[in-house]
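Counting from 1, the numbers follow the sequence of the chain as shown. Keep in mind it's a predicted model, so treat the numbers as computed, not measured.
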Amino acid sequence: MAASILRRSLLAPRCRAGDVAALHSGPSRRRAQAPGPIASGRRMGKSPAGERSVAPWVAVVGLEIHAQISSNSKLFSGSQVQFAAPPNSLVSFFDASLPGTLPALNRRCVEAAVMTGLALNCSINKKSLFDRKHYFYADLPAGYQITQQRLPVAVNGSLSYSLCVGGKKNQMVTRTVRIKQIQLEQDSGKSLHDDTRSQTLIDLNRAGVGLMEVVMEPDMSSGEEAAAAVRELQLILQTLGSSQAIMAEGQLRVDANVSVHHPGEALGVRTEVKNINSARFLARAIDYEIQRQIKELENGGTVINETRAFDYKLGCTIPMRDKEGKQDYRFMPEPNLPPLILCDNKSLPANTNHQHVVNIDWIRERLPDLPSVRRVKLVEQYGILPEHSFTLLNEDGLMEFFENVVRQTQMNPKKVIGWILNVMLGYLKQHNLTVQESPVSSLFLADLLNLLERGTISSSAAKQVLEELWKAEGKTPLQIVEEKKLELIQDQQELEQICQAVVEGHQEEVMEIKKGNPKVLNKLIGLVQRTTRGRADPVLVKQILEKRLSQ
């Protein structure tokens, strides 16, 4: 039944602001949401004097994020974890819930959760408990999920993230979202719906894979904020190595809880948008849902407490199932797992085998520099702008590429960052390639920038060389310069003759400059560069032209 409802929902032909008939305001199983900044949308009312007034809407956004733990085996079994393996090829007896099988907790998964909790400023519970969350679905063979409901491994943390103000990259603000808890739990299998044959197939390869659920308090108010927080969390997880957090492979999945209300009024009814696997789609889904709820309420309707999905092709959320009746998961203590006991240096028992315990302080001492610290170091070490440090870290492998180039070139890092962000990154995005897939190595780019820095070639010629390097024919920058004859013209007399010819052939531009319009000089410089195929030093060309025009 649930599978058929899901299929019908995902095949919905279009989206409307009032696509769900409102029944009544249902209860929310999470605690009250904290108000956030004002969202777009207005409600007309009357002031005491009888004049019409405008009341703003406030959007409230909270996130629940499931991160797959980087581990060779699953949370409670020895089955291998591998993306895109043949269906049902990585399933142990316990994963299939055969009678008599028992869970065995994976130490690596516990350490990853503790490490993540410490990085997110959480308090680590030395004693945490496992619970069974009961619900019945085809890809959950046991009929319950082992999770941590009563006492999770980490609580009461925070995550600081930065975002641009008004889309301006040089105006960034830092905000903080509270982390309610981090809990360990096992993943379910995967349902594959075959509409052609009207059947659902089950792949249990993911069943039992270790997850960390990071529950964020509702401290955000827009899709942009939520996406920025998720990107920062993704970077932290990848830096720690606790999760690869590759969203395209389902290793980081986000559920967004969204509601709207007026300042001073009770919080609105919350909807949940499930299983979003892209930060960009997350921002779009939340912003759409905010506007949908505002429009629904302004049209006299009500918002239903329901679960929705985001259709990225249509750019809207669509209903999956309502949550008006509180779901009873019949939580109960997991009888086959004892309490999870962690230690620190003070509580570590004497003569204990370190392989048999997880030491919180030992993990804390080995935490790597987090992205926020690495950004500060980049700015201090290389003198680059703070916004550039964000780009270097946000693009996987770009910081390492930048530092490799800096080590191998005499060019100032401030100039190097311009070439990497404005030119190299543009090429990569244009061809939809990652930094690791770049046909231009850091060594070749450094060699090219050295030729430019020594005055062997001009910047326009350097871009021509980079285009040739992009063809990945194995030639060095110097070989390309020599073959294409792109060296700067060293004979000043030859350059003066070219400049004179340009001046004589463009008298209208010359008159404009003499009338007091110096910007036209750039056009003459460009014409000289075109004539020389980028082989002229633009600084020297400007000096020669200015001298000629002053005569």
Side-chain angles (χ1 to χ4, degrees), residues 1-3 66-114 125-154 181-193 199-213 242-243 250-251 253 327-343 349 352-358:
M1 180 65 179
H66 291 86
Q68 178 180 321
I69 298 171
S70 290
S71 173
N72 293 328
S73 56
K74 297 182 180 181
L75 183 58
F76 298 117
S77 79
S79 294
Q80 185 182 357
V81 176
Q82 179 184 335
F83 177 69
N88 295 309
S89 61
L90 306 174
V91 185
S92 71
F93 291 154
F94 177 79
D95 303 329
S97 300
L98 295 186
T101 55
L102 296 173
L105 183 57
N106 184 332
R107 174 194 174 94
R108 160 63 188 163
C109 293
V110 176
E111 291 176 335
V114 172
N125 288 321
K126 292 183 181 178
K127 176 183 178 181
S128 59
L129 305 173
F130 288 98
D131 304 273
R132 289 184 179 183
K133 175 183 178 181
H134 291 80
Y135 63 93
F136 298 97
Y137 201 72
D139 58 19
L140 192 71
Y144 61 84
Q145 175 192 39
I146 301 179
T147 182
Q148 293 187 307
Q149 169 69 9
R150 295 167 294 162
L151 193 59
V153 69
Q181 65 190 55
I182 300 175
Q183 61 198 50
L184 283 165
E185 63 184 28
Q186 59 180 171
D187 204 352
S188 60
K190 184 177 181 180
S191 297
L192 307 170
H193 305 296
Q199 65 181 6
T200 296
L201 304 175
I202 304 299
D203 180 8
L204 293 180
N205 279 348
R206 288 192 63 89
V209 168
L211 302 177
M212 294 177 288
E213 181 177 0
S242 57
S243 173
Q251 296 178 4
R253 309 192 296 272
Q327 296 186 19
D328 183 8
Y329 289 112
R330 294 189 299 115
F331 283 102
M332 61 170 281
E334 168 54 58
N336 294 323
L337 286 168
L340 173 59
I341 305 298
L342 307 178
C343 300
T352 301
N353 187 331
H354 291 275
Q355 296 298 319
H356 297 162
V357 297
V358 173

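Lys190 contributes no side-chain N or O that, together with a main-chain N or O of Leu204, makes up a donor-acceptor pair within less than 3.5 Å. Checking side-chain atoms of Asn106 against main-chain N and O of Ser71 turns up no donor-acceptor pair under 3.5 Å. Not one N or O on the side chain of Ser77 forms a donor-acceptor pair closer than 3.5 Å with the backbone of Asp95. Although no hydrogens or angles enter the test, the distance criterion places a donor-acceptor pair under 3.5 Å between the side chain of Thr101 and the main chain of Leu98. Using a distance-only test at 3.5 Å, with no hydrogens or angles considered, no donor-acceptor pair links the side chain of Asp139 to the main chain of Ala207.
Residues Leu342 and Asn125 fail the side-chain proximity criterion, which asks for heavy atoms closer than 4.5 Å. In this structure the side chain of Cys343 never reaches within 4.5 angstrom of the side chain of Val358, judged on heavy atoms. With contacts defined as side-chain heavy-atom distances shorter than 4.5 Å, the pair Ser242/Ser70 does not qualify.
A distance of 4.5 Å separates OG of Ser128 from CD of Gln148, quoted to the nearest 0.5 Å. Here the CD atom belonging to Gln145 is positioned 11.5 Å from the CD atom belonging to Glu334, to the nearest 0.5 angstrom. Atoms CZ and CZ, from Arg206 and Phe83 in turn, are 8.5 Å apart once rounded to the nearest 0.5 Å. Between Leu102 atom CG and Phe93 atom CZ the span is 14.0 Å, to the nearest 0.5 Å. Expressed to the nearest 0.5 Å, how far CG of Leu192 lies from OG1 of Thr200 amounts to 8.5 Å. The CD atom of Gln199 sits 12.0 Å away from the NE2 atom of His193 when rounded to the nearest 0.5 Å.
Contact detail for Asp203 and Pro87: the closest heavy-atom pair is OD1-CA, 3.5 Å. Here the closest heavy-atom approach between residue Ser243 and residue Met212 is recorded as CB-CE, 4.4 Å. Annotation for Asp187 and Arg253: closest pair OD1-NH2, 3.2 Å, computed over non-hydrogen atoms. Across every non-hydrogen atom of Ala85 and Leu90, the tightest pair is CB-CD1, 3.6 Å. Pro338 and Phe130 get closest at one heavy-atom pair: O-CD1, 4.5 Å. In terms of heavy atoms, Asn336 sits closest to Arg132 at ND2-NH2, 3.3 Å.
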For this session: Take Ser191 and Tyr137 through the test side chain to side chain contact (heavy atoms under 4.5 Å, CB included) and record every step on the way to the result.
Result: CA-CA 9 Å; Ser191 297; Tyr137 201 72; 3.5 Å; yes

For this session: Report the C-alpha separation of Val209 and Leu75 in whole Å, then their side-chain angles, then the decisive distance to 0.1 Å, and conclude whether the side chain to side chain contact (heavy atoms under 4.5 Å, CB included) test is met.
Result: CA-CA 6 Å; Val209 168; Leu75 183 58; over 6 Å; no

For this session: Check the pair Val81 / Lys74 against side chain to side chain contact (heavy atoms under 4.5 Å, CB included), numbers first and verdict last.
Result: CA-CA 6 Å; Val81 176; Lys74 297 182 180 181; 3.9 Å; yes

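Remark: the Thr147 side chain and the Asp131 side chain contain no N/O donor-acceptor pair separated by less than 3.5 Å.
Judged by the 6.0 Å distance and 45° axis criteria, Lys133 is not positioned over the aromatic ring of Phe331.
Listed by chain and number, the residues in a ring-ring contact (aromatic ring centres under 6.0 Å, His included) with Tyr144 are His134 (sequence neighbours excluded). Every salt bridge (Lys or Arg N to Asp or Glu O under 4.0 Å) that Lys126 has, sequence neighbours left out, goes to Asp344.
Between Leu184 and the options Val114, Leu211, Ile69, a side-chain contact (heavy atoms from CB on, under 4.5 Å) holds for only Ile69. Paired with Leu129 under the rule side-chain contact (heavy atoms from CB on, under 4.5 Å), one option of Leu337, Leu151, Val153 passes, and it is Leu151.
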